[in-house]
Every structure is written in structure tokens, then in C-alpha cells.
Number of protein chains: 2
Amino acid sequence: MRPPTIRDVAERAGVSKSLVSLVLRGSQQVRPEKRRAVLAAVEELGYRPNAAARSLSERRTRTVGVLLNDLRNPWFVELLDGLNSELYASGLRTLLADGRLNRRLGEDLTHTFTELRVDGLIAVGTLPDPAAVRTAAARVPTVVAGTREPVLPNVDIVAGDDELGARLATEHLIGLGHRHIAHIAGQGVVGELRRRGFEAVMREHGLSGSATVEQGDLTEEGGYRATVRLLSAPHRPTAVFAFNDMAGVGALSAAEELGLRVPGDLSLVGYDNTYLARLRHLWLTTVDNAGHDIGRRAARRLLDRIADPARPGGVALTAPVLEVRGTTAPPRPAD
Amino acid sequence: MRPPTIRDVAERAGVSKSLVSLVLRGSQQVRPEKRRAVLAAVEELGYRPNAAARSLSERRTRTVGVLLNDLRNPWFVELLDGLNSELYASGLRTLLADGRLNRRLGEDLTHTFTELRVDGLIAVGTLPDPAAVRTAAARVPTVVAGTREPVLPNVDIVAGDDELGARLATEHLIGLGHRHIAHIAGQGVVGELRRRGFEAVMREHGLSGSATVEQGDLTEEGGYRATVRLLSAPHRPTAVFAFNDMAGVGALSAAEELGLRVPGDLSLVGYDNTYLARLRHLWLTTVDNAGHDIGRRAARRLLDRIADPARPGGVALTAPVLEVRGTTAPPRPAD
DNA sequence: GGAGAGATCTGGAACGGTCCAAAGAAGGGC
DNA sequence: GCCCTTCTTTGGACCGTTCCAGATCTCTCC
């Protein structure tokens, strides 16, 4: 009971397998009656082409591998959405691998992708093993999306302008009248860039002295802990700019627990404008990092790179936009 | 500049391609020195087997297709996680397709999977096009996870016991002393089952008269709207059991906006125990639906079905557990 | 009626693996 | 030294497509 092959179809339609192949690939050089005969046979047998055989022969898979850091991070999912839609429109399917899940395996996921001979590779976010991306990029057209590293010879980078985003958030808080502002920092290059933007703006306004940076991580828990530390310090900040929305929500909880009202006693800005920030009950002021757009641009870059693998790599930054919601306000006049 | 093939490796190692194949598949029948020579050649050439060629010849792909409803739903992601880990352990890789994204395409995703000749198929959640699952299931071993339909001849179903979960939530509220309880209903079979569980328990306690059902959907927005309607009615409920956590969070927002305190003035229960419910700032009492566990069980079912495609389909339900957090309390005595 | 030009159609060689039957090598017993 | 058995190794068929060179058909024109 094997699935029918192109030969079965040919036999049924009374033509050669080559003609079936022509029909299926939409050739114009086929007489209408033969075309109909072939299509009828396809229908009757329920024939489906075998993708493995096709890609073996064509030497390409029309498939792009996506190496993702963490599916639980809503921002990545949004990026993925943009990526998918653009790639799909170009007839490429997408193969997803979550690196977090298989962290132990390290390089293994790129191994899988190279064995599958994917036509391209997209690395989303900071990955556990940058070396794996390097070796993969030597074989397959590769684009890095949503982060700024690793920087590699023939690899494009598509990301948000994190430094600018951090500047927007900080300027907003200063504009409201805040002076003593804290930043909950993230990890990796992205964390570094956002911190740098924060510090630069504080410096420009002569507020370096009242700028605090507390290390957190990408989770709610990390944001919570960092905020507890910040708010128990002798001279507490009146505003907190968190590395991302998750950390921002953690900060919200900490403030509440310590009896501070947001935004009355404490202003709060997140980052990414995930659906978390849009939940009415949180309604977090945040920086919109345009995940969907970044995904689409990464896809287009990859298509260009597949067409011309040797083209020099470049960095494309998307400008983020501040999204003001309910967690920011001027500080208490008494302050 | 083609990637090296098994023949290149054979030539370099001074053996036949068959021997290379044997070494790579771990045969014990190879003399150690030859094995070493082959492995050295593999290393030097950077050889990677071609998955397409292999699956063409082996007539299987060691790949499972996962048809997902919506990656934005955290519960599905958790299920996926369980699925992945179990399948990976059995040497199967996972191919993910988000049906929501490609809704217009309808059956197209199962088409893709059948063309790829995946060894198995997992349909997660209520899918836009159940007919597509039916036709796919006729060709490929299939398991439905996280929902109760479609019921098909040779298809297993692995899901949470939604009716039981709803009963737990309702019993909890009644146990706290609530009498007038509302349910925000979801869509599809799952919505139906949870509503049924709610209504059954209310009836058993002679509270049918004070049970209200308001239609919502799976989103925060839907939960918000439904709750606004519920709370503006003349005889407002003292507790709300929402179809899922998202809707529960919407309800939380609505209550707050109308000046009701949770859980003081209104108790609230969600469903799924997603990370949303675990956010300290929300701290939602909810029903843990064991997504990870369901994923693993679905994977095991699929493995069994791949081994014996003709085995009769069955339904495996996981018992959910109530997770009491901060949004439920006894009603105001005055009530 | 035949040549020439297109339009259609076909056989067979890839593509890169797996697997099987059989060849070759090595060891054991007489 | 020879035959038999057990290990190792190998050539070649096959998996289901695509693609190319050439075969065959159909027309048109002289």
C-alpha cells in the first residue's frame, strides 16, 4: 500500500512520467487534453509529490530553518509571524527549532538543519551557542534577527535599535520630571545596548549621579527581585526602566507589594510591547520593537542572500517607537 | 563547491561507499582501522549526510508534523515543549506549522506535511479545518492533542479532562461560600465541556437558578467585555469562572475598572495555569491543565501508533488540578 | 509531396543515500 | 595445504523526482 508515485500517475494517464512532471510543474508546452488526463489521474489516485525525492533532484529544499531561543517569549513569536508570512509568500516553508528546549544538545540543531540542506537559516535572538551559528553560516545563507550578534562575514543582522529604544524610554521619564531613575538590565548584547542608551541619556541630562543600574534577567522573577533591591535602598528611584515587559511586570508586582502605587509613587517602562504590556490590567508603558516588521525584513534579507550568498553582510536596524500607557506619570511634587 | 557525498568520503578513506554507510549507521561488523579511516575522512571533509537522500531510500523521514492552532497561546507552547522532549528522545524531529498564521490556506499545511511524508502528525488544539485532519489521518498516523475533536477512526485523542477541571473550579467557589457564580464560556468542544462541568456542579448544589453563562472567546478582550456585561446586570455575581487565563485577566481588568476589588468583591478563577496566572501581579487562581504532561503523552501515543497504525483510536484524559492563588476568597458577608 | 520549424513528448541519467546478495579475506580443523 | 565457516567488504539495484537531449508529431510553405 505505498503511496502512488509519478509513474503510477503516468501509467494511468497513458503518458510518460516526464510529461506528468511537466504538467505538475505548470509547463505551458503541454497539450490541454493531456494535461487534463494527467490531472484527472492525479486526482483519482490521490497522488502527492514526494518532497524528499524532489529536493534530492532539485538540490534545494525550499525550506528555511529557524533557530529560536525561546518560544515562551512573546516577542519572538511575533517576529516569527512576520518571518513566516514573508517567506511563505516566496514559496519557502519554515522549520522551527527551539534552542532552549535542546540546550544540552548545543550545536545539534544546526546539524539537523545542515543535514536537511535547508536553503537558508535564521537565528532569532541570543542563542546559547554562537559558534554553532558560525559553522552553519559557512555552509548556508544565514541571517541573524532580533539581536546584534554574532557578527559574521557573510551574515546579515536585522534588529531593533536597542540603544535608541532605551533613549526614548529614558527621555520620556526625564521629560515627565523624573530625576532619580533606575534601569533593570538584561543579559547579552541586547542588554548591553539598552543599558548604554539609558546611561547616555542620563549623562546628557547631567543625571549620571542619580542613575542606578540593577542587574536582572529576562524573566518576571528577575525584574521582581531587582526592583525589591532598588526600592529597599536608602534613596529610592521614582522611575524604573526595565529591560523588557516581563521584567517590567515583575517590577510592577514588587512595587505593589511594597505599598507603592504605579504610576503615582513609581513610574515604570517596559520594552517590546508584547501582549503582556497591552493587557488592560497591566497597561504598561513600553517601547514597541516592531517584531513583526523585523521578521519580515529578516525574511527579505535572507531571500536576497539566498540569491547571492557572497554579498557582504550588513546591519539593518528598525527604529522603535515609545508606546505610552498607564504606568508612567510625573513624580510626586513632594519628591 | 557541492557538499561532499558519501562517495567522496569513501574515496578519501579508500573504501567503498557501502562501508561508509555501514560505519555511519554504527554497524559492529567493521574492522576498527577501517572505521577510524572513515571517521577521519568524514571529519576532514566536513561531511554531513543528506537527509532527503536518506529518507528517500529508507522511506521514512524521522519527522513528525505538528499542526498548531496559535503559538501565542502559552498553553500550546507548553504542550509543544512536552511533545518535543519526548519525540526527540525517540530520534524524531519535529516540524511546526502554525495554522492560525496560514488560516487562508486551510488544508495547505497538511498538504505540505503529506508531501514531506512525515512519519506522524499531531494536531494541537481546535484547528480551523477539521476536514483536513481527517484526510491527513487517512494517510499518516495521527494524534489529536489538547482538544476532544475531531473524533476519527484511527486517531488517538490526548487532552485534559475539561469537564472535571471546570467542576474543580466551580466546587472551589461554592466551597468558599459563593452562590451566584458566572461562567465566561469559550468556543468549540473545549468551551462546551467546561461550560457543562460548571453547569453540572451548580445544578448538583441546587444553584442552577443563580448560575449565569456569558459567551466570551479565548482572548483578554472577550473576557473583559463579558465581565463588563455580567457586572452591569441587576443581580451581579460574586464570582466568575473564566474559560481560560487570558479571559480571566480580562475579567480582572473589568472588575478593577468598575471599582470592584478582587478577591474582596469578586472572586475569579482562570484555566490552564499559564505563566500569565503565575505572574505575581495577577496571581490568578486557575486550573492546571498539565500541558507538558499532555504533550508527552501525545508523543507516546503517536509512537505507539507509528509502530501499529491500525490500532484502534482511544481517548486519554489527564486529570487537571486546581491551583489556588490570590483571586479567590469567601464572598462579602453582607452579600 | 517534402523540407523545415515548432510544438510536444519521451527515455535515461542524475541526485545521495540504504540494503541485499554475493565476493573476498581470515581463521579453524584435519 | 585444503575445505569450510565466519567475518568483512563490495557492486549494483532502488527510492521518486527533475532535467536534458533527442525523438516524434503537426503545420506551414513552396
Side-chain angles (χ1 to χ4, degrees), chain A residues 1-39 41-42 45-63 91 111-112 114-119 139, chain B residues 1-39 41-42 45-63 91 111-112 114-119 139:
Chain A
M1 281 317 300
R2 290 188 189 174
T5 74
I6 203 172
R7 283 168 225 269
D8 299 323
V9 174
E11 193 177 345
R12 176 141 195 149
V15 299
S16 73
K17 64 175 183 19
S18 302
L19 189 66
V20 176
S21 176
L22 284 172
V23 170
L24 291 177
R25 279 172 302 125
S27 163
Q28 293 309 306
Q29 312 252 65
V30 177
R31 228 171 317 185
E33 71 237 46
K34 299 252 179 185
R35 178 191 311 280
R36 273 194 297 276
V38 168
L39 293 178
V42 164
L45 296 174
Y47 168 79
R48 297 271 165 245
N50 179 320
R54 188 197 301 250
S55 53
L56 181 57
S57 176
E58 278 189 325
R59 289 123 136 276
R60 62 186 190 134
T61 51
R62 296 170 193 278
T63 294
H111 266 50
T112 301
T114 49
E115 293 193 1
L116 288 169
R117 302 287 193 269
V118 291
D119 294 342
R139 300 165 185 260
Chain B
M1 282 310 301
R2 289 188 190 173
T5 74
I6 201 172
R7 284 165 226 269
D8 299 323
V9 174
E11 193 177 346
R12 176 139 195 151
V15 299
S16 73
K17 64 175 184 21
S18 302
L19 188 65
V20 176
S21 177
L22 283 172
V23 170
L24 292 178
R25 279 172 303 122
S27 162
Q28 296 307 308
Q29 312 250 68
V30 178
R31 226 171 317 184
E33 69 236 47
K34 297 255 179 183
R35 177 191 311 281
R36 272 194 298 278
V38 168
L39 292 178
V42 164
L45 296 175
Y47 167 79
R48 298 270 165 243
N50 180 321
R54 190 199 303 253
S55 52
L56 182 57
S57 174
E58 279 188 324
R59 284 119 140 279
R60 61 179 189 145
T61 52
R62 297 169 192 279
T63 296
H111 266 51
T112 301
T114 49
E115 294 193 1
L116 288 170
R117 302 286 193 270
V118 292
D119 294 342
R139 301 166 184 261

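Chain letters run A, B, ... following the sequence lines, proteins first, then strands; residues in each count from 1.
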* Asked: Which comes earlier along DNA chain D counting from the 5' end, the contact point of A/Arg31 or that of A/Arg2, where each point is its nearest nucleotide?
  -> A/Arg2
* To do: Would you kindly compare B/Val30 and A/Ser57 by the position of their nearest DNA chain D nucleotide and give the one closer to the 5′ end?
  => B/Val30
* Asked: Which atom pair, heavy atoms only, marks the closest approach of A/Val30 to A/Arg35?
  ->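 Of all heavy-atom pairs spanning A/Val30 and A/Arg35, the closest is O-NH2, 3.6 Å.
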Could you give the [atom1]-to-[atom2] distance, from [X] to [N], as a whole number of Å?
X: B/Leu116; N: D/dC15; atom1: CG; atom2: P; value: 20 Å
X: B/Leu19; N: C/dG16; atom1: CG; atom2: P; value: 20 Å
X: A/Arg7; N: D/dT17; atom1: CZ; atom2: P; value: 8 Å
X: B/Glu115; N: D/dC15; atom1: CD; atom2: C1'; value: 17 Å
X: A/Glu33; N: C/dC9; atom1: CD; atom2: C1'; value: 12 Å
X: B/Glu11; N: D/dT10; atom1: CD; atom2: P; value: 13 Å
X: B/Arg60; N: C/dT18; atom1: CZ; atom2: C1'; value: 12 Å
X: A/Leu56; N: D/dC19; atom1: CG; atom2: P; value: 12 Å

Is any side-chain nitrogen or oxygen of [X] closer than 4.0 Å to OP1 or OP2 of [N]?
X: A/Ser21; N: D/dT18; value: yes
X: A/Arg25; N: D/dC19; value: yes
X: B/Thr5; N: C/dG16; value: no

Nearest to the side chain of [X], heavy atoms from C-beta on, is which of [options]?
X: A/Asn50; options: D/dT10, D/dT17, D/dT18; result: D/dT17
X: B/Gln29; options: D/dG16, D/dT8, C/dT18; result: D/dT8
X: B/Ile6; options: C/dT10, D/dT18, C/dT18; result: C/dT18

* Pick the nucleotide of DNA chain C nearest each of B/Val20 and A/Arg59; which residue has the one closer to the 5' end? -> A/Arg59
* Does some side-chain heavy atom of B/Arg59 sit less than 4.5 Å from a side-chain heavy atom of B/Arg117? ->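 Result no, sub-4.5 Å side-chain heavy-atom pair not found.
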* Would one find more than 12 heavy atoms of other residues, nucleotides or ligands at under 6.0 Å from atom CD of A/Glu115? -> yes
* Sugar-phosphate, base or nothing in reach of B/Lys17, heavy atoms under 4.0 Å -> base
* For B/Ser18, which contact category applies under a 4.0 Å heavy-atom criterion: base, sugar-phosphate, or nothing? -> base
* Check: A/Gln28 side chain, A/Gly26 main-chain N or O, donor-acceptor pair, under 3.5 Å ->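 Yes, A/Gln28 side chain to A/Gly26 backbone: donor-acceptor pair under 3.5 Å.
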* To do: State whether the side chain of B/Ser57 and the backbone N or O of B/Arg54 hold a donor-acceptor pair below 3.5 Å, judged by distance alone.
  => no
